[in-house]
Amino acid sequence: MLDVVTIRRQFSEHYADHPRLIVRAPGRVNLIGEHTDYNDGFVFPVAIDRATYVAARPRDDRRVRVAAIDIGEVDEFELDTVQRSEERPWANYIRGVVNSLLVAGHQLAGVNLLITSDVPRGAGLSSSAALEVAVGYAFQVLNKLNLLGEELALLAQGAENNFVGVQCGIMDQFISALGRKDHALLIDCRELHARPVPLPQDAKIVICDSSVRHEHGTSGYNQRRAECEEAVRMLKRQLPRISALRDVTIADLDRFGSLLPPVVLKRARHVVTENARVLESVAALERSDYIRFGELMNESHRSMRDDYEISVPAIDTLVELARGVAGCYGSRMTGGGFGGCTVSLVSADAVATFQQTVAQAYRAQTGLETTIYVCSASDGVGRALPEE
Ligand code: GLA
């Protein structure tokens, strides 16, 4: 866990001055509802207890200096000429947020920033959204901007869409901005409305990192999104009322699915069935029916693997191994796909055995290591407190 005292010291060493502010924005794990957000659908993520920290001090000029201490790199730019950086792809998350704020008409002053994070990068736990939201929030506080959590999330998403080039949905930025301690959020991505759902005490959310890394920009994420849009365009001829896959039912697909190219039908079927699974799984969790919740996680994984085709063999192995442990209710890949992490719901008294068994078997079967986190749900972005 990163601590504020160390971050303050690192900032002082780098800039020879104290930070005025340190903020933290959490990563996330999505329990269920994958690739539904950009289809105006439902997601059910949790803000995790790993976060990106930004220490900041305003400057008297219009320069932004950034020290990314985890990777030992720096970036510098002027507020009046914010452009994409070709040499430093990581810097585009920060430049993109600044650009989004400026385009939205906010007045910003220059700043020195120091960034550090314990969200693993490229693991499907939203290290990018945590960075964007933390940077946006630091600017918001220092420049006394009046942004609601949803607005901050939208600006951060805009940065990723326009500067990084990933046509991501709103889930990651929304949960990083608005997550709630000890709760998951059922987010309606069309209405941008969220309902907190308390997490159980007697079952734990366990994340297993496959150590296979993904890269959204090149991984087919944007292609999946385009396929969903194609499905809507084609189905609209029969179903003029629809504007997104959110509006399509399973009965609609049974009736008109044959009009779609087979791959497009598979993508649409994943999204339509996944939306239904999210709503059913929330109801199951609310009545403490972990068995049904776990079944829905398993079905979600099957759908991502076979219909959306975003899993990889190492992840499938990890999911199978998890399900084989007594006390594991269900397991699935989490996040954008093509590697990253799995999420499992595990009975609290089985967690220790789960960790040992899965780690050993994964090493034996794949030669890879898994890092396992038993996760607790944290609040969304805010000032980092000294006791953290
Ligand atoms: C990534 C994106 C999200 C969402 C997930 C898949 O994390 O950033 O918007 O689409 O993939 O559910």
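First listed ligand is number 1; within each ligand, the first listed atom is number 1.
Under 4.0 Å from ligand 1, not a single heavy atom of Met304 appears.
No heavy atom of Glu274 sits closer than 4.0 Å to any atom of ligand 1.
Phe11 has its ring centre no less than 6.0 Å from the ring centre of Tyr53.
Near Asp172, the atoms of ligand 1 lying under 4.0 angstrom from a non-hydrogen atom of the residue are 1 (C), 2 (C), 3 (C), 7 (O), 8 (O). Within ligand 1, the atoms closer than 4.0 Å to a non-hydrogen atom of Arg28 are 7 (O), numbered from 1 in the order shown. With ligand atoms numbered from 1 in the order given, ligand 1 contributes 4 (C), 5 (C), 12 (O) to contacts under 4.0 Å with heavy atoms of Met171. Close contacts between ligand 1 and Asp37 involve ligand atoms 3 (C), 4 (C), 9 (O), 10 (O) [criterion: under 4.0 Å to a heavy atom].
Ion pairing of Arg213 with Asp209 is present here, as a side-chain N (NZ or NE/NH1/NH2) and a carboxylate O approach within less than 4.0 Å. Under a 4.0 Å N-O distance rule, the pair Arg95/Asp75 qualifies as a salt bridge.
A donor-acceptor pair shorter than 3.5 Å can be found between the side chains of His301 and Asp316. Neither side chain, Arg323 nor Ser344, offers a donor N or O lying under 3.5 Å from an acceptor on the other. Judged purely by distance below 3.5 Å, without hydrogens or angles, the side chains of Ser300 and Glu274 pair a donor atom with an acceptor atom.
By the 3.5 Å distance cut-off applied to N or O atoms, Tyr38 is not counted among the residues near ligand 1. An N or O contact shorter than 3.5 Å links Glu34 to ligand 1 by distance. By the 3.5 Å distance cut-off applied to N or O atoms, Tyr221 is counted among the residues near ligand 1. Of the N or O atoms in Cys168, none lie within a sub-3.5 Å distance of an N or O in ligand 1. Among the atoms of Thr36, none of the N or O lies under 3.5 angstrom from an N or O of ligand 1.
The number of heavy atoms from other shown groups lying within 6.0 Å of CG (Asp60) does not exceed 12.
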